[in-house]
Every structure is written in structure tokens, then in C-alpha cells.
Amino acid sequence: MPSALPDGEPVPADGALPASALAGAADRPLGFYLHVPYCATRCGYCDFNTYTATELRGTGGVLASRDNYAETLVDEIRLARKVLGDDPRPVRTVFVGGGTPTLLAAGDLVRMLGAIREEFGLAPDAEVTTEANPESVDPAYLAELRAGGFNRISFGMQSARQHVLQILDRTHTPGRPEACVAEARAAGFDHVNLDLIYGTPGESDDDWRASLDAAIGAGPDHVSAYALIVEEGTQLARRIRRGEVPMTDDDVHADRYLIAEEMLARAGFSWYEVSNWATSEAARCLHNELYWRGADWWGAGPGAHSHVGGVRWWNVKHPGAYAAALAAGRSPGAGREVLSAEDRRVERILLELRLLEGVPLDLLREEGLAAARRALSGGLLRPEPFEEGRAALTLRGRLLADAVVRDLVD
């Protein structure tokens, strides 16, 4: 089941933000994340805030139904307009995630985007993305999304090997994600991403190479590759604990990452974040860069998280409770925190170190600078950016990014 929400102070009933949150807002880009919490089935490794029809039955009634979900989410977009007041910023990025957003009718996704356009306006070059399950779209669906303003799409491929997909409880057939790339291109999508997962129990190096070959051959301009993390409480964690499938160790993850870097680089992809590669700067995911650079975004939907000007908040998780709050004219916020200057400094280091450009050295304290010098001499940071005042990871540093960042935040 989904993981627990963090603790925090109460969110005001009207969702109002401290005046400090909007100070200097004009200098920061604004994005929207729209969460669609529905899935046809629950994947064995997933602990996201998602629900199948069986899990929702009897727990939310009509309020939890996906049939009227789009209108409920539009209500939160309208709430966002009230909370942000006369903030003049057009929205730079929109990302619809889940769950499986494409379980909703294409017209529902377009309606949600239309509400953002009506309430805030979209920047002329706005990036508008939806995630999609390969089995939940067809050419007509994709054409409707494109005509409605979506220009980027991300397909969950995970693997090209059937036995790996089975371990992950993925329902699509090998080859279908690659076909989806062609269909999205034919529909006029500017940018197409494929999501891959490595380190699944039972996956071999050859399986991983085959998945990368298939992904590259499909012709996307962006690939995301994530190490499988086995979260407590998931079906996969229970299977590993019972000894039904083996746990993959960190050395295997490192080997798979090196394979991904070598094959993607050879195919013309360049990394710009530890788990993300693009064929050009224009193909990068701008919405994710908002997260990594600490910009502003409003997360609408059950369990969605938001951040505006150093204030972070999160919504109630259950779709029924979420809809009930909005129907009553209340914010669906479950809790929030106002980040201190130190919190924001640490978060910048944690997130920006993962980027190609790295993090400014002037964010580091004396102990962190000493750690950065050690990382430089140990081959974990690149010399040229360091001379220019930035800590930027080498390939070996990317493999040890979590350890490097722990040292730098001291």
C-alpha cells in the first residue's frame, strides 16, 4: 500500500500561504503536477499513492470514482488560483502522473490542462507531459491528447523481457512501448520518453542490454533509467522476504548503470541528471528540472506535494477524502512545513549535485568544502567545474552520489 505522509503543521482551511512564499515569485518558474491515482492493477514494486478499483470499492463511494475525477481536480486548480492571488506567472510546465493517467478519457486530461490554461495561462513554450501505460493508449487517444495541447509523453517500458515484466507485475507485452513511441511521433508529439528499471530480481546483464537496445531503437529523445528500490510493504518485498525471488545487490546496480551510460552515450544520449539522459538540451524534462532546482510547483490530486517559495505542503491521500474536502470548499492539504534557510541550503545540495552542472561550492560550509576537495582528489568530482566554483560528479561519482552528498552537506 502507499507509503505514509510526513508530519507537519496544519494547512489553513482556505489553503492560504504565508506572504513570504510569494515574495520574489516573478523570478521563479511555476509548474503544475496533476496526480491521477488510478491503476488497473497494482505493480508488485509500487508504493505510490495509487488505487485499483478493488482497493477503492466501498471506501469512497462516488467521490472516489474516476468518472468525475477530472472535475474534482479542476476544483483544486481553481483553489490554486485563489491561493496564489494576483501572481502573474504563466505556467511553464505541466506534468500529469500517477498511477496511470491514461486510464482517464483523453478528454479528461485535456479538460484538466484547459483549467490551468484558463486560470493561469500557459507560457508560449510550455512543456506539457503525461505519463502513459503502453496498453492504455492507441493512435486516436494520442491524437486527442496532442490536439488538446500535450507535447511530451512518457511511457512506462521498464523492460523488454517478459520474465522481468512478470516479476514487476507489469501487464504490457514486450514490444508495445516501442510501438507507442512510433504512434506518439505520428500524433505529433515533440518529445517522447521511455522509463526503464534495472536490477529486477532475475534480470541478467544481457536482459538489461536487450531492454536498452529496444528502447534506443524505438527512437525516443529521452530515457529515464532507475534502479529498482524494494519498498517495505510492497508485494515484491514480501516475495523477497519469503525467498521466492532474490534481492539484487548494489554491485549489480552499479554494473547496470555503467551499461546504461555506455549504450546510451554511444546512441547519442547525454546524461543531465543521474537517472536521466536526453538527445539534446531541448529534450530534457523541464518539469523535473523545476523539482531539482527548487522552483515553484503546485501538486494537485490525492497525496500530491507542492512547493512555493520555501513552503511545502501535501494533500490527503485517499481520493474520497480529497474529493470531500474540495466539495466542502476546503483545501485538501493534510500538512505543511515552512523550510528554513538551512533546510533550503541542504535541499539544494541534495538535488543539484545530481545534475550535470552540479552545485555551487559557495553553498558548502567549511566541512563540506573539505569533503568536496577529497571527492575531487578521489575522482568523484570533475576538475574543470570545480575550478569554476561548482561541485559536479564524474561517472564514478554518479555511482556514489548518495555518499558524496552526505559528506557535502556537513
Side-chain angles (χ1 to χ4, degrees), residues 36 39-40 43 93-110 113 126-166 168 170-198 207-226 259-260 263-272 275-288:
V36 178
C39 282
C43 297
T93 67
V94 179
F95 194 104
V96 187
T100 305
T102 44
L103 282 180
L104 299 184
D108 284 348
L109 301 188
V110 171
L113 175 61
E127 174 192 272
V128 183
T129 305
T130 186
E131 294 179 333
N133 185 308
E135 300 291 357
S136 64
V137 297
D138 58 24
Y141 189 105
L142 294 169
E144 187 173 352
L145 286 181
R146 184 66 190 95
F150 286 80
N151 52 31
R152 185 176 185 276
I153 193 162
S154 178
F155 294 109
M157 178 178 177
Q158 279 69 55
S159 176
R161 296 296 205 199
Q162 183 64 48
H163 71 94
V164 176
L165 293 173
Q166 288 175 337
L168 295 173
R170 297 293 295 184
T171 58
H172 68 261
T173 56
R176 178 58 193 152
E178 298 94 303
C180 285
V181 175
E183 291 172 4
R185 293 294 193 197
F189 277 85
D190 301 328
H191 302 294
V192 182
N193 173 62
L194 288 176
D195 270 343
L196 296 173
I197 290 177
Y198 58 88
D207 291 331
W208 179 230
R209 290 190 180 94
S211 296
L212 288 162
D213 268 333
I216 291 166
D221 59 357
H222 191 286
V223 170
S224 300
Y226 301 103
I259 290 170
M263 292 183 65
L264 289 166
R266 191 171 64 231
F269 289 80
S270 299
W271 80 282
Y272 69 99
S275 299
N276 291 272
W277 291 258
T279 57
S280 68
E281 190 166 338
R284 295 181 177 184
C285 180
L286 298 180
H287 185 81
N288 283 343

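Side-chain atoms are counted along with the backbone in the values below, which use heavy atoms only and exclude waters and symmetry mates.
- Across Leu113 and Gly148, no two heavy atoms sit closer than the pair CD2-O, 3.4 Å.
- Note: Glu183 CD to Asp138 CG = 7.5 Å, rounded to the nearest 0.5 Å.
- A distance-only check finds a donor-acceptor pair linking the side chain of Arg146 to the backbone of Gly188 [under 3.5 Å].
- For the pair Pro177 and Pro134, the tightest heavy-atom approach, listed with the atom from each and the gap, is CG-CG, 3.7 Å.
- Here the options are Phe269, Trp277, Tyr272, the test is ring-ring contact (aromatic ring centres under 6.0 Å, His included), and the partner is His222; only Tyr272 passes.
- Test Asp195, Val192, Thr102 against Phe155 for side chain to side chain contact (heavy atoms under 4.5 Å, CB included) and you get one pass: Val192.
- A donor atom on one side chain and an acceptor atom on the other are found under 3.5 Å apart for Asn193 and Ser154.
- In this structure, Leu109 CG and Glu144 CD are separated by 9.0 Å, a value rounded to the nearest 0.5 Å.
- Put simply, the side chain of Thr173 never gets that close to the backbone of Arg176: no donor and acceptor are under 3.5 Å apart.
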(message) Using the rule given for side-chain contact (heavy atoms from CB on, under 4.5 Å), can you reason through Leu212 versus Tyr198, listing the C-alpha separation, both sets of side-chain angles and the distance that settles it, and then say yes or no?
(response) CA-CA 10 Å; Leu212 288 162; Tyr198 58 88; over 6 Å; no

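- A donor-acceptor contact shorter than 3.5 Å links the side chain of Arg185 to the backbone of Gly219.
- For the pair Ala160 and Ala214, the tightest heavy-atom approach, listed with the atom from each and the gap, is CB-CB, 3.9 Å.
- Looking at heavy atoms from C-beta onward, Glu178 lies in side-chain contact with Met157 at the 4.5 angstrom threshold.
- At least one side-chain heavy atom of Asp207 sits less than 4.5 Å from a side-chain heavy atom of His163.
- The shortest side-chain heavy-atom distance between Ile259 and Arg209 falls under the 4.5 Å cut-off.
- Here the side chains of Ser280 and Asp221 are not in contact, with every heavy-atom distance at 4.5 Å or above.
- Inter-residue side-chain proximity for Cys285 and Glu127 is flagged as met; some heavy-atom pair is nearer than 4.5 Å.
- When atom types are taken as modelled, the side chain of Thr100 and the backbone of Cys39 share no donor-acceptor pair closer than 3.5 angstrom.
- A pairwise comparison of heavy atoms in Pro220 and Leu194 identifies CG-CD1, 3.9 Å as the closest pair.
- Minimum interatomic distance between Arg161 and Pro174 (heavy atoms only, all atoms of both residues): C-CG, 4.4 Å.
- Not a single donor-acceptor pair under 3.5 Å links the side chain of Asn276 to the backbone N or O of Ser224.
- In this structure the side chain of Val36 reaches within 4.5 angstrom of the side chain of Val96, judged on heavy atoms.
- Note: Ser211 OG to Leu165 CG = 7.5 Å, rounded to the nearest 0.5 Å.
- Once rounded to the nearest 0.5 Å, the distance linking CZ of Arg152 with OG1 of Thr130 reads 11.0 Å.
- By the 4.5 Å heavy-atom criterion applied to side chains, Phe189 and Leu145 are counted as neighbours.
- Atom OG1 of residue Thr129 and atom NE2 of residue His287 lie 8.0 Å apart, to the nearest 0.5 angstrom.
- Contact annotation: the side chain of Leu196 approaches that of Trp208 to within less than 4.5 Å [non-hydrogen atoms, C-beta and beyond].
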